[in-house]
Asks: 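Here it is, the structure in full.
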Amino acid sequence: MADNVDEDAPYRIKEEDYVVLKRGDIFKAVQIVPKKKVIFEKQWFFLDNAVGQLYGSTFDIVPGGTLQPRKPKDAESPADAKEAGTDNRNIQDDGKSQKLTRDDIENFKEQGLTDQQIIQQLVDNSSTFIGKTKYAQDKYIKKKKKKYENIVTILKPSCRILALMYHGREPGKICHLRYDTLAQMLTLANIHAGSKVLVFETCAGLLLGSVMERMGGYGSVIQMYPGGGPVRAGVESFGFPAHFHDTLHEFPVCHVNALLAGTLDTAPPKDASADSTQSDAAGEEEPDPPTTEPTSGPQEVKMETNSAADDVCDPEKEAREKRIEAKAEERKVKQEEKRKKLASAAALLEGRNADGLVIASRFHPCPVLMGMLKFLAPSRPFVVYSQYKEPLIECYTKLKEQGGAVNLRLADTWLRHYQVLPNRTHPVLLMSGGGGFLLSGTTVAADAPKPAGAQRAEGPAPKRLKVA
Amino acid sequence: MSFVEYSDLIRDGDVAIVYLGHESMMHVKVKQGAQTQTRYGVIRHSSDLIGRRYGSKVTCSKGGWVYVLHPTPELWTVTLPHRTQILYTTDIATITMMLELKPGCVVCESGTGSGSLSHAILRSVAPTGHLHTVEFHQQRAEKAAEEFKEHGVDGLVTVRNQDVCKDGFGVSGVADAVFLDIPSPWEAVRHAKAAMKRQGGRVCSFSPCIEQVQRTCEALAEEGFEEISTLEVLLRVHDVRTVYLPLPDFGADLSAQTDDDAAAPTETKPQTPVALKTTTLPREMQGHTGIRL
């Protein structure tokens with residue numbers, strides 16, 4: 001049915017897609033590359049058979065490393081209807097209850113028994129299984145499944161999944177930004193399509209990608225980056241369509257002061273043969289459009305002199321010189337690209353009318369925040385993440401002194417997971433304090449600095465000191 | 001003005017947020033010739049609001065001042081008129097991420113209630129998504145529809161006055177995400193499935209009681225939903241303040257005396273307390289809003 005296939009197309013896995021592999025609570029971001037071996041959870045396999053299947057599908061990894069789609073209602077728990085005990089008073093934990101040996105199990109694997117069959121064997125050969133309570137039996141089977149099931153689920157990447165993945169796998173790379181904290185940031189900063197958002201992060205691109213996801217390709221995102229170049233490996237894992245990258249800009253923070261002072265020159269470089277003049281205050285005005293400079297001119301001259309000098313043509317020398325020139329040309333093109341990017345980012349920033357600011361990095365947040373707030377329009381939100389509370393206390397204090405922000409709030413979130421099973425519902429995990437802290441607020445029109453006695457004092461006045 | 005798009009200047013007909021001070025805000029319907037009373041005096045819309053920039057400081061008749069802010073779903077949540085218990089930003093943020101909301105998503109929601117979550121959803125799915133929201137209380141449904149219009153988002157939302165447990169969401173096979181905040185969510189699970197896209201989607205249910213959570217989890221599992229997870233998110237706000245810690249007086253420190261000291265220090269000066277910038281927590285942390293699954 002041609003209609004069905006067309007309808008499903010956006011939901012099917014394609015070659016070169018960026019996907020996330022999942023087994024249980026373990027995730028891994030990979031790209032679908034035909035005939036390329038992928039390693040995940042100590043197993044090697046090929047993703048070729050996943051192409052054409054719907055996202056969210058689960059596959060068996062069969063010996064040889066190929067994937068086979070798994071039918072959803074395949075798994076009926078083995079030993080379901082059999083009897084069970086009432087409690088563990090007679091169960092000896094002596095390690096001798098399982099009659100099968102490691103070798104036996106290896107043999108089963110080689111014989112090609114499915115994981116279901118292996119688990120059934122283990123159950124049948126366990127002397128204590130029947131004596132366990134129903135719940136203990138379920139738990140036992142669940143544990144064996146985790147060990148022997150060779151399955152993998154292939155998911156479409158999303159902020160939620162990647163945040164879970166990074167937090168579970170490499171929290172250090174994302175400054176220990178827990179996924180619920182990330183969720184708060186995105187909402188508090190009112191990230192939405194059509195706005196202009198500034199991002200400063202050292203979270204491998206997770207925050208940047210999440211912001212881009214919420215903007216859906218509309219509006220613009222400017223990544224302010226420290227150092228030589230923007231780090232955004234994580235953005236790739238989101239698998240955004242190409243046009244999303246048109247909304248992404250970058251600006252090196254080493255030029256922030258110049259831009260604020262109006263002394264940043266983003267105009268094309270002066271060339272001997274060019275007659276365009278540049279103004280020093282290029283940062284404040286529209287950057288001059290790159291003039292069509294006769295770049296071929298000087299080169300042509302060079303080549304002419306070369307060939308004129310060597311009447312005896314040395315082909316090798318010529319070829320080498322051509323390569324050097326080609327490289328110089330390449331460098332020029334790259335520099336020009338870099339300049340254009342800088343100019344376009346500067347143009348977006350210099351209006352000082354950005355709609356939102358999010359910061360999450362290993363840098364001290366205070367100077368980062370105070371510097372970048374200047375680019376925000378009034379009545380716009382900002383959110384700063386820090387793994388630690390103290391730097392945010394500093395930010396809060398500075399902002400209160402300086403003015404220009406209201407609704408300041410320093411907070412953290414506690415996250416608690418629950419196991420929900422009949423008669424077995426209880427909290428599982430409490431994650432508190434380990435998710436980092438957030439300072440959020442809204443900008444307002446800048447004011448004259450507050451007089452010494454602030455109009456509205458926050459907090460109780462210090463107690464009068466008793467003199468001994 | 002719209003809740004899903006920023007604008008710079010305040011205009012007649014806008015809904016604006018007036019910031020009066022810490023934890024004190026109110027919404028205001030901007031109208032030519034109207035006035036708003038605040039504890040700092042009167043705000044005259046025509047002269048003080050219309051044409052001014054959002055974020056401006058406005059001086060009121062008694063001399064005190066306020067700030068006027070552009071509405072956002074977050075500011076609306078803390079200033080909206082409650083018709084029901086509402087969801088606050090902490091839960092809304094978690095729900096938004098867990099449902100994977102983004103521009104273009106089609107979302108089904110029930111009950112609409114006071115529209116707190118609804119506005120946040122609209123903000124996240126604009127400009128190409130849509131929200132189908134169901135509310136069984138007629139007046140609440142009408143009020144919600146009215147507000148969506150006033151806030152410039154009515155093109156993105158359809159309000160239906162019906163019982164989701166009996167009649168579903170009114171659409172089928174279109175939703176990327178479904179959200180339930182009703183007394184008996186397990187009764188609506190099959191309707192959630194029907195409303196969702198055939199190729200899959202996300203469901204979230206919010207309940208204050210563990211029994212509700214249990215029944216809903218069961219219903220979800222029966223309907224074939226996978227990866228069911230249950231969690232609770234609590235917000236802890238830190239109050240930044242300066243505290244003063246007095247230093248003890250152990251008497252004159254004789255070991256510090258050197259031979260050069262001509263005048264024997266017989267008295268120790270009282271030492272000034274150490275000022276420390278820190279945070280304090282409220283005596284009781286907010287315990288519980290609900291559990292999300």
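Letters go in sequence order (proteins before strands), and every chain restarts at 1.
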Asks: May I ask you to decide whether A/R160 forms a salt bridge with B/E100, counting only side-chain N to carboxylate O separations under 4.0 Å?
Replies: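 Between B/E100 and A/R160 there is a salt bridge, with a charged N closer than 4.0 Å to a carboxylate O.
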Asks: Between A/L155 and chain B, which part of the residue has a heavy atom less than 4.5 Å away: side chain, backbone, both or neither?
Replies: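 It is the side chain, since no backbone atom gets that close.
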Asks: When you look at A/D8 and B/R198, which way does the side chain to side chain contact (heavy atoms under 4.5 Å, CB included) test go after all the steps?
Replies: CA-CA 9 Å; A/D8 285 350; B/R198 193 171 44 83; 2.7 Å; yes
Asks: Indicate the atoms forming the closest heavy-atom contact of B/Q214 with A/T425, along with that distance.
Replies: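 Taking every non-hydrogen atom into account, NE2-OG1, 2.7 Å.
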Asks: Need one label for A/M431: side chain, backbone, both or neither, based on atoms under 4.5 Å from any heavy atom in chain B.
Replies: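 For A/M431, neither part sits under 4.5 Å from chain B.
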Asks: Which residue, A/L439, A/L408, A/L410, A/L392, forms the side-chain contact (heavy atoms from CB on, under 4.5 Å) with B/V240?
Replies: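 Of the listed options, the one satisfying the test is A/L410.
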Asks: Using the rule given for side chain to side chain contact (heavy atoms under 4.5 Å, CB included), can you reason through B/T90 versus A/D180, listing the C-alpha separation, both sets of side-chain angles and the distance that settles it, and then say yes or no?
Replies: CA-CA 9 Å; B/T90 311; A/D180 58 309; over 6 Å; no
Asks: Measure up the B/Y6 and A/H192 rings against each other and bin them: parallel (under 30°), tilted (30 to 60°), perpendicular (over 60°).
Replies: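 B/Y6 and A/H192: tilted rings.
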Asks: Who wins among B/T72, B/T94, B/T96 for the most heavy-atom pairs under 4.5 Å with chain A?
Replies: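 Top option by heavy-atom pairs under 4.5 Å: B/T96.
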Asks: Which atoms of A/I191 are under 4.5 Å from chain B, going by heavy atoms: the side chain, the backbone, both sets, or neither?
Replies: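 Backbone only.
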Asks: How far does OG of A/S158 sit from CZ of B/R202, to the nearest 0.5 angstrom?
Replies: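 Atom-to-atom, A/S158:OG and B/R202:CZ are 7.5 Å apart.
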Asks: Could you check whether any side-chain heavy atom of A/Y418 comes within less than 4.5 Å of a side-chain heavy atom of B/V213, counting everything from C-beta outward?
Replies: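 No, every pair of side-chain atoms sits at 4.5 Å or beyond.
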Asks: Between A/T413 and B/V233 (side chain of the first, backbone of the second, donor and acceptor by atom type, cut-off under 3.5 Å), is there such a pair?
Replies: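 Answer holds: no.
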Asks: To the nearest 0.5 Å, what is the distance between CZ on A/R409 and CG on B/D239?
Replies: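 Interatomic distance, A/R409 CZ to B/D239 CG, rounded to 0.5 Å: 12.5 Å.
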